[in-house]
K.L.:
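Here you go, one structure.
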Amino acid sequence: MRRLLSKPFTAAIVMTSGLIGCASPPPKQFTRSATEFTPCSSAPHCVSSQADRDDSKYVAPFAYKQATAAAARQTLLDILGASEGATVERAEERFIHATFRSTLGFVDDVTFIVQPQAEHIDVKSSSRLGYYDFGVNRKRVEQLRARFNAQLSAQT
């Protein structure tokens with residue numbers, strides 16, 4: 001009897017979590033300034049290239065030494081546009097905000113700041129809901145970086 005009740009209960013939790021994920025609003029603020037993100041929360045569901053290098057939340061920025069800032073930005077937008085579950089919410093000259101929606105409806109915010117002087121694009125990826133993300137945001141950033149590097153290499 002206990003086994004029969006646990007399956008519907010688990011399914012209800014998963015479905016409810018998916019609906020809550022769909023309804024979660026974006027953060028009120030993504031950046032502190034034109035060149036700086038707001039910091040990641042203490043929860044382990046966020047990674048940022050602006051975190052301290054020895055912090056577990058650190059990921060490397062997207063470097064573009066052999067391209068212009070405009071070409072790197074466009075390459076990133078092309079990659080985001082072709083990414084499954086991604087929607088570019090805002091694309092300015094130096095700031096890009098994209099959302100990634102999972103099959104269960106959970107939404108992650110991924111933001112980018114083009115840093116022309118440093119010849120890189122800073123990135124921050126964070127889940128809207130929950131505490132753990134099981135490494136999803138870090139994995140996504142690394143996949144996006146690999147595609148970005150491959151596409152830039154093919155252009156030069």
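Below, each value reflects all heavy atoms present in this structure, side chains not excepted, and no hydrogens, waters or symmetry copies. This structure is a prediction, so every number in the text was calculated from the model and none was measured.
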K.L.:
Please walk me through it: do R32 and F37 pass side chain to side chain contact (heavy atoms under 4.5 Å, CB included)?
P.N.:
CA-CA 6 Å; R32 285 185 172 171; F37 294 124; over 6 Å; no
K.L.:
With sequence neighbours excluded, give me every disulfide bond (SG atoms under 2.5 Å apart) pair touching residues 85-156.
P.N.:
none
K.L.:
Using the side chain to side chain contact (heavy atoms under 4.5 Å, CB included) definition, which of the options L76, I113, I96 pairs with I121?
P.N.:
L76
K.L.:
Between D109 and R128, is the closest basic N to carboxylate O distance under 4.0 Å?
P.N.:
yes
K.L.:
So does R140 pair up with E142, basic N to acidic O under 4.0 Å?
P.N.:
no
K.L.:
Evaluate the side-chain proximity of F106 to V136: yes if any heavy-atom separation is below 4.5 Å, no if none is.
P.N.:
no
K.L.:
For the pair E119 (side chain) and A69 (backbone), establish whether a donor and an acceptor sit closer than 3.5 Å, ignoring hydrogens and angles.
P.N.:
no
K.L.:
Is the backbone of H45 close enough, under 3.5 Å, to the side chain of N137 for a donor and an acceptor to pair up by distance?
P.N.:
yes
K.L.:
When you measure from the side chain of T68 to the backbone of A71, do you find a donor-acceptor pair of N or O atoms at a distance under 3.5 Å?
P.N.:
yes
K.L.:
Can you find a heavy atom in the side chain of T111 that is under 4.5 Å from one in the side chain of V123?
P.N.:
no
K.L.:
Taking all heavy atoms of E89 and all of T99, pick out the closest pair and write down the distance.
P.N.:
OE2-OG1, 2.8 Å
K.L.:
Roughly how far apart are Q155 CD and T75 OG1, rounded to 0.5 Å?
P.N.:
4.0 Å
K.L.:
With heavy-atom distances below 4.5 Å as the criterion, would you say the side chains of Q115 and R94 are in contact?
P.N.:
yes
K.L.:
Hey, does L144 have a side-chain heavy atom less than 4.5 Å from the side chain of F100?
P.N.:
yes
K.L.:
Starting from the C-alpha separation in whole Å, work towards a yes-or-no answer on side chain to side chain contact (heavy atoms under 4.5 Å, CB included) for R147 and S83.
P.N.:
CA-CA 10 Å; R147 291 171 60 198; S83 296; 2.9 Å; yes
K.L.:
Output every pair passing ring pair (Phe, Tyr, Trp, His ring centres under 6.0 Å) with a member in residues 125-155, not counting sequence neighbours, ordered by first then second residue.
P.N.:
F62-F148
K.L.:
On a heavy-atom basis, which atom in A63 and which in N149 lie closest, and how many Å separate them?
P.N.:
O-OD1, 4.1 Å
K.L.:
Taking the ring of F30 and the ring of H97, is the distance between their centroids below 6.0 Å?
P.N.:
yes
K.L.:
On a heavy-atom basis, which atom in P44 and which in D133 lie closest, and how many Å separate them?
P.N.:
O-OD1, 3.5 Å
K.L.:
Please report the closest heavy-atom contact between H120 and P61, naming both atoms and the distance.
P.N.:
CD2-CB, 3.5 Å
K.L.:
Is there a donor-acceptor contact under 3.5 Å from the side chain of R73 to the main chain of E92?
P.N.:
yes
K.L.:
Does V114 reach the side chain of Y64, with side-chain heavy atoms less than 4.5 Å apart?
P.N.:
yes
K.L.:
Out of curiosity, does V107 fall in the hydrophobic cluster containing F112 (side-chain heavy atoms, cut-off under 4.5 Å, transitive links)?
P.N.:
no
K.L.:
Any side-chain heavy atom of K124 sitting closer than 4.5 Å to one from Q50?
P.N.:
no
K.L.:
Would you please test S49 and D122 for side chain to side chain donor-acceptor pair (under 3.5 Å) and show each step?
P.N.:
CA-CA 6 Å; S49 60; D122 277 314; 2.7 Å; yes
K.L.:
Going from CZ on R138 to OG on S125, what distance comes out if it is rounded to the nearest 0.5 angstrom?
P.N.:
10.5 Å
K.L.:
Does some side-chain heavy atom of T38 sit less than 4.5 Å from a side-chain heavy atom of T31?
P.N.:
no
K.L.:
Report yes if the side chains of K57 and P39 come closer than 4.5 Å at any heavy-atom pair, otherwise no.
P.N.:
no
K.L.:
Please determine whether side chain to side chain contact (heavy atoms under 4.5 Å, CB included) holds for the pair D78 and Q151, giving the CA-CA distance in whole Å, both sets of side-chain angles, and the decisive distance to 0.1 Å.
P.N.:
CA-CA 10 Å; D78 292 345; Q151 198 160 326; 4.0 Å; yes
